[in-house]
Amino acid sequence: MANAQDAPKAKPEDTEVWEPVPKVVTPGESFRDAPSDAIILFDGKNLDQWVQNNDGSPAKWDVADGILTVNKKYGNIETKKTFTNYQLHIEWREPADIAGEGQGRGNSGVFLASLGKGDAGYELQVLDSYNNKTYVNGMAGSLYKQAIPLANAAKKPGVWQTYDVIWTAPTFNEDGSMKTPAKATVFFNGVLVENDFKLWGPTLYIGKPAYIKHGPAPIKLQAHGDKSIPLSFRNIWVREL
């Protein structure tokens with residue numbers, strides 16, 4: 001029997017990994033700026049990366065002064081490109097003179113995966129949640145009707161706000177059943193509000209969510225039907241993971 005003293009002595013090199021070498025990504029000047037490998041979805045110039053969700057025609061929301069403003073009469077818009085897992089940066093602003101209350105005050109949504117027309121998909125809620133009372137699983141930073149945000153990091157209307165999201169798409173078995181759930185981590189104005197939350201399925205306004213098998217999906221922005229004046233977006237980019 002070998003003596004323990006005869007065993008090879010551990011060396012630092014035993015636990016050093018040299019390959020594969022990670023690709024080089026040049027970061028932006030600030031956390032807002034897109035890194036070198038990002039796909040720019042809106043840079044203030046046009047809506048070339050977007051289509052109308054209802055019929056696939058060119059997106060018809062309003063672009064002026066580097067800002068994208070919801071045009072409610074045309075409905076939701078979504079990206080031409082589909083995504084699986086990604087990092088998303090998006091900035092939004094409620095009008096300074098926003099009116100209404102609860103869910104009727106600057107309502108919109110970022111659908112992290114659009115699953116069809118209308119509001120089909122997984123929604124990260126957009127809402128004026130600065131001194132605006134509503135159900136907590138429907139406030140800004142919530143994964144609508146599923147995950148209550150860990151904090152209310154909302155700024156007052158008229159000020160730009162940011163979402164930074166890590167989205168992990170669900171996977172499915174051959175029979176269509178869910179294999180692994182969708183997961184989302186969300187920073188709201190730099191504050192962690194959703195921490196690797198496992199979604200129960202796509203967003204539902206009424207009823208209990210359930211998974212339906214799907215593949216890569218667009219990112220969708222909502223034109224909500226509430227009566228408040230439209231909110232705006234800017235500086236939207238995504239990194240595929």
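Environment of OH in Tyr144: crowded, with over 12 heavy atoms of neighbouring residues, nucleotides or ligands closer than 6.0 Å. For Leu241, the CG atom is densely surrounded, since the number of other residues' heavy atoms within 6.0 Å is greater than 12. Applying the 6.0 Å contact sphere to CD of Glu101 captures no more than 12 heavy atoms from other residues, nucleotides or ligands. Counting heavy atoms of neighbouring residues, nucleotides and ligands inside a 6.0 Å radius, atom CG of Asp65 does not exceed 12 of them.
Residues Pro209 and Gln146 meet the side-chain proximity criterion, which asks for heavy atoms closer than 4.5 Å. Taking 4.5 Å as the limit, every side-chain heavy atom of Ile90 sits out of range of all side-chain heavy atoms of Trp237. By the 4.5 Å heavy-atom criterion applied to side chains, Pro58 and Gln52 are not counted as neighbours. For the pair Leu88/Ile219, a side-chain contact is recorded, criterion being any heavy-atom separation below 4.5 Å from C-beta on. For the pair Leu124/Val165, a side-chain contact is recorded, criterion being any heavy-atom separation below 4.5 Å from C-beta on. Side-chain contact between Arg239 and Val25: present, with at least one pair of heavy atoms (C-beta onward) separated by less than 4.5 Å.
No donor-acceptor pair under 3.5 Å is formed between the side chain of Asn173 and the backbone N or O of Asp175. Of the possible polar contacts, none joining the Gln161 side chain to the Phe188 backbone as a donor-acceptor pair under 3.5 Å is found. Using modelled atom types, one side-chain atom of Gln103 and one backbone atom of Gly138 make a donor-acceptor pair closer than 3.5 Å. Under a 3.5 Å cut-off, the side chain of Glu94 and the backbone N or O of Asn107 do not form any donor-acceptor pair. For the pair Lys183 (side chain) and Lys198 (backbone), a donor-acceptor distance under 3.5 Å is absent. Counting only distance, with no hydrogens or angles, the side chain of Arg93 and the backbone of Trp160 share no donor-acceptor pair below 3.5 Å. At distances below 3.5 Å, not a single donor-acceptor pair connects side-chain atoms of Asn53 with backbone N or O atoms of Ile77. Checked by atom type and distance alone, the side chain of Asn189 pairs as donor or acceptor with a backbone atom of Ala153 at under 3.5 Å. Checked by atom type and distance alone, the side chain of Lys80 pairs as donor or acceptor with a backbone atom of Asp48 at under 3.5 Å. Counting only distance, with no hydrogens or angles, the side chain of Thr171 and the backbone of Lys179 share no donor-acceptor pair below 3.5 Å.
If you check the side chains of Ser114 and Lys117, you find no donor sitting under 3.5 Å from an acceptor. There is a side-chain donor-acceptor pair under 3.5 Å between Glu91 and His89. Looking only at atom types and distance, the side chain of Gln49 has no donor-acceptor partner in the side chain of Glu78 under 3.5 Å away. In the model, Asp119 has a side-chain atom that pairs as donor or acceptor with a side-chain atom of Gln222 under 3.5 Å. There is a side-chain donor-acceptor pair under 3.5 Å between Asp33 and Ser30.
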*When you look at Leu143 and Leu199, which way does the side-chain contact (heavy atoms from CB on, under 4.5 Å) test go after all the steps?*
CA-CA 8 Å; Leu143 296 163; Leu199 284 85; 4.1 Å; yes
*Any chance you could lay out the side-chain contact (heavy atoms from CB on, under 4.5 Å) test for Phe42 and Leu47, step after step, and finish with the verdict?*
CA-CA 7 Å; Phe42 180 69; Leu47 285 172; 4.2 Å; yes
*Apply the test side-chain contact (heavy atoms from CB on, under 4.5 Å) to residues Phe172 and Ile212: give CA-CA distance (whole Å), side-chain angles for both, the deciding distance (0.1 Å), then the verdict.*
CA-CA 9 Å; Phe172 297 89; Ile212 302 173; over 6 Å; no
*Could you walk me through whether Phe111 and Leu221 pass side-chain contact (heavy atoms from CB on, under 4.5 Å), step by step?*
CA-CA 6 Å; Phe111 283 79; Leu221 301 181; over 6 Å; no
_Would Ser142 and Lys145 count as a side-chain hydrogen bond (donor to acceptor under 3.5 Å, both in side chains) here? Give the steps._
CA-CA 8 Å; Ser142 67; Lys145 288 290 184 82; over 6 Å; no
*Could you walk me through whether Trp167 and Tyr122 pass ring-ring contact (aromatic ring centres under 6.0 Å, His included), step by step?*
CA-CA 10 Å; Trp167 172 252; Tyr122 308 81; 5.2 Å; yes
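We find that Lys213 and Glu174 are not joined by a salt bridge, their nearest charged nitrogen and carboxylate oxygen being 4.0 Å or further apart. Comment: Asp43 does not engage Arg234 in a salt bridge, judged by the lack of any side-chain N to carboxylate O separation of less than 4.0 angstrom. Taking 4.0 Å as the cut-off between side-chain N and carboxylate O, Lys156 and Asp128 do not count as a salt-bridged pair.
No continuous path of hydrophobic side-chain contacts links Ile67 to Leu231 [ILVMFWY only; heavy atoms under 4.5 Å].
Smallest separation of non-hydrogen atoms from Pro170 and His214: CG-NE2, 3.5 Å. Nearest heavy atoms, Ile40 versus Ala34: CD1-CB, 3.5 Å. Shown here for Thr134 and Gly102, the closest heavy-atom pair between the two residues is CB-CA, 4.1 Å. The shortest non-hydrogen separation linking Phe233 to Ile236 is CB-CD1, 4.2 Å.
Here the CG-CD1 distance, from Asn195 to Ile166, works out to 11.5 Å after rounding to the nearest 0.5 Å. Here the CH2-CG distance, from Trp61 to Asn71, works out to 9.0 Å after rounding to the nearest 0.5 Å. Here the CD1 atom belonging to Ile229 is positioned 9.5 Å from the CZ atom belonging to Arg105, to the nearest 0.5 angstrom. Interatomic distance, OH of Tyr74 versus CG of Asp62, reported as 8.0 Å (0.5 Å rounding). The CG atom of Asn152 lies 5.5 Å from the OG atom of Ser129; values are rounded to the nearest 0.5 Å.
Taking the centre of each ring, Tyr163 and Trp92 come in below the 6.0 Å mark.
Checking Thr79, Leu68, Asn235 one by one against Leu41, the side chain to side chain contact (heavy atoms under 4.5 Å, CB included) holds for a single residue, Thr79.
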